Structure formats: C-alpha cells, structure tokens
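Predicted model, so just to flag it, every value in this text is computed and none were measured. Atom set for the values below is all heavy atoms of this structure, side chains included, hydrogens, waters and symmetry mates excluded. FYI, the numbering just counts along the sequence from 1.
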Amino acid sequence: MEEVMRDYGGGIEMAVVCSDLSLLENINALLGDRGVIGIRDEDGVVHYIIDGRQNRGRASAAVTELVSGKAKGNVDEEFLDTCIKSVFREFGLDMSLIGSIILFDAVKALFLSGAKMPVNMKSIYLSAGKSYKMTFSQIERDVRYAVRNSAFSGMRSRNVLQSLVTRTGRRLKFGASE
C-alpha cells in the first residue's frame, strides 16, 4: 500500500510505502501532534518533514526554531564527531597523536559552543594544557608534529584549525558523504 500526502499549495509532499495502514496513521498522528518529524538518512543527514496542512503559522515557527537552533550551535554531538573524524581522515591527521586529539577537541568545542575562531592558538593551547596536564610548549610541539605529518604539512596551526572547521561545517550542512 502506498499513501502520498500532498500540500499542493506549497509544493510539499511526503510518500510512505508500506503494507500496514496503522503505520501511516501513526506517522500522520506524529505529524499532527508534533508538527515536525526528523529522519536521518544513511549519511547521517537529517531530513525534516514539517506539517503545514492545518496551521501554516505553526509550520513557520517549526522552521524558524530548527534554523535558529542550528545557528546557535545546537548540533548532534555523535554526528559532529563523525564529521570531524571524516575530515581528519581526509587530510591524514593521525588520531593516535595527541596533537591531532587536541585539534579534534578544539574543532568540536568551537562547534558546540558556537564560538568564533580565535585570533591565535594561545587560548586553545592553554585550555588543552589544563585538560591534558601538559605545558604550553608541549601542546604546541604536539600540534605542530601532527600537522607536519598530515596533508597540512607546512601550514600554521591556526590555518589548519580554520580549514578543519570550514570543512567540518560543510560536512554538517551537506552530510558526511561530501
């Protein structure tokens, strides 16, 4: 049995293929109660279905809430980890090196906090030093070593961090299979 629900006014459609009418009724009830359903595909990208059949204002509010939540840095931590690790693999950053782990933590912290890129790496190195009970120079040396042994060889660590943040942001936006 296939059921297709359409809102011809807004060009929105949802297709569900199943052999159980109760499943379709459950989906319809969820949409009616919550107004929105999020479905994650195999790449980890979440696709939202927003019900605007009865109350267009509620649908508009749901879209605004989803968009503002992403703008504030609200992101699924597990998916964020997957995206960052994927970017690290792409550029050959070895996650067995403490310098790579420090960069990983920095990228993750920037996304979770919604903070801007720091002007220099000092604040990141000081924070990592506290977390890992290491001196500033040890942190700096370990990050430099990790960068030197990756595709970023020869780049300054702040530029590397900026590249990692940018690439991870693209993965988050478009899916881990970019």
Side-chain angles (χ1 to χ4, degrees), residues 14 30-31 34-50 59-178:
M14 178 174 83
L30 280 171
L31 275 172
R34 297 182 185 165
V36 64
I37 297 174
I39 301 168
R40 187 180 307 267
D41 65 16
E42 68 269 358
D43 293 328
V45 177
V46 179
H47 302 272
Y48 293 99
I49 300 169
I50 299 171
S60 177
V63 169
T64 302
E65 183 179 329
L66 288 169
V67 171
S68 68
K70 289 186 186 287
K72 290 178 186 170
N74 293 344
V75 67
D76 178 18
E77 237 180 288
E78 190 176 311
F79 182 53
L80 176 60
D81 285 353
T82 301
C83 289
I84 297 170
K85 287 176 184 172
S86 173
V87 170
F88 274 53
R89 280 191 303 273
E90 178 183 344
F91 291 105
L93 283 159
D94 183 353
M95 288 303 292
S96 68
L97 299 175
I98 189 70
S100 294
I101 294 169
I102 290 165
L103 287 170
F104 178 91
D105 290 346
V107 171
K108 186 173 180 177
L110 286 169
F111 276 99
L112 292 178
S113 69
K116 293 183 179 184
M117 268 296 290
V119 175
N120 59 42
M121 295 295 284
K122 183 177 180 179
S123 61
I124 290 171
Y125 292 165
L126 289 173
S127 175
K130 289 177 188 172
S131 296
Y132 293 102
K133 310 271 190 273
M134 296 169 67
T135 66
F136 185 90
S137 59
Q138 287 173 316
I139 298 288
E140 187 177 34
R141 181 195 64 227
D142 288 342
V143 169
R144 225 183 3 241
Y145 182 79
V147 168
R148 191 173 340 127
N149 290 305
S150 72
F152 293 118
S153 184
M155 286 180 67
R156 297 179 59 87
S157 53
R158 185 185 182 285
N159 293 342
V160 171
L161 183 62
Q162 179 64 57
S163 296
L164 293 170
V165 167
T166 301
R167 189 63 153 196
T168 300
R170 287 188 199 143
R171 294 274 165 97
L172 286 169
K173 186 174 181 183
F174 298 113
S177 65
E178 181 188 303

task = Would you name the heavy atoms of Met155 and Val147 that are closest together and state the gap between them?
result = O-CG1, 3.7 Å
ask   = Roughly how far, to the nearest 0.5 Å, is CZ of Phe152 from CG of Leu93?
value = 6.0 Å
inquiry  = Apply side-chain contact (heavy atoms from CB on, under 4.5 Å) to residues Leu80 and Thr168 and explain how you reach the verdict.
reply    = CA-CA 8 Å; Leu80 176 60; Thr168 300; 4.0 Å; yes
query = Does the side chain of Ile139 reach to within under 4.5 Å of the side chain of Leu126, using non-hydrogen atoms?
reply = no
request  = Look up atom CG in Leu172 and atom CZ in Phe79, then write down how far apart they are to the nearest 0.5 Å.
outcome  = 5.5 Å
Side-chain donor or acceptor of Arg158 paired with backbone N/O of Val119 under 3.5 Å = yes
message = Counting only heavy atoms from other residues, nucleotides and ligands, does the tally under 6.0 Å from CZ of Arg148 exceed 12?
response = yes
query = To the nearest 0.5 Å, how far apart are CG in Asp94 and OG in Ser100?
reply = 6.0 Å
query = Rounded to the nearest 0.5 Å, what separation is found between the CD atom of Glu90 and the CG atom of Leu164?
reply = 9.5 Å
key: From Met134 atom CE to Ile98 atom CD1, the distance as rounded to the nearest 0.5 Å   = 5.5 Å
remark   = Heavy-atom closest pair (Ser150 atom, Phe91 atom, distance to 0.1 Å) is CB-O, 3.4 Å
message = Any heavy-atom pair between the side chains of Leu161 and Leu110 that's under 4.5 Å?
response = yes
remark   = Shortest non-hydrogen pair, Ala146 vs Leu97, comes out as CA-CD1, 4.0 Å
request  = Return yes if some donor-acceptor pair links the side-chain N/O of Ser86 with the main-chain N/O of Thr82 below 3.5 Å, else return no.
outcome  = no
ask   = Regarding Thr166 and Gln162, is there a side-chain donor-to-acceptor distance under 3.5 Å anywhere?
value = yes
key: From CG (Leu103) to CE (Met95), nearest 0.5 Å   = 9.0 Å
key: Sub-4.5 Å side-chain heavy-atom contact between Ser131 and Asp105   = no
ask   = Is there a donor-acceptor contact under 3.5 Å linking the side chains of Tyr132 and Asp142?
value = no
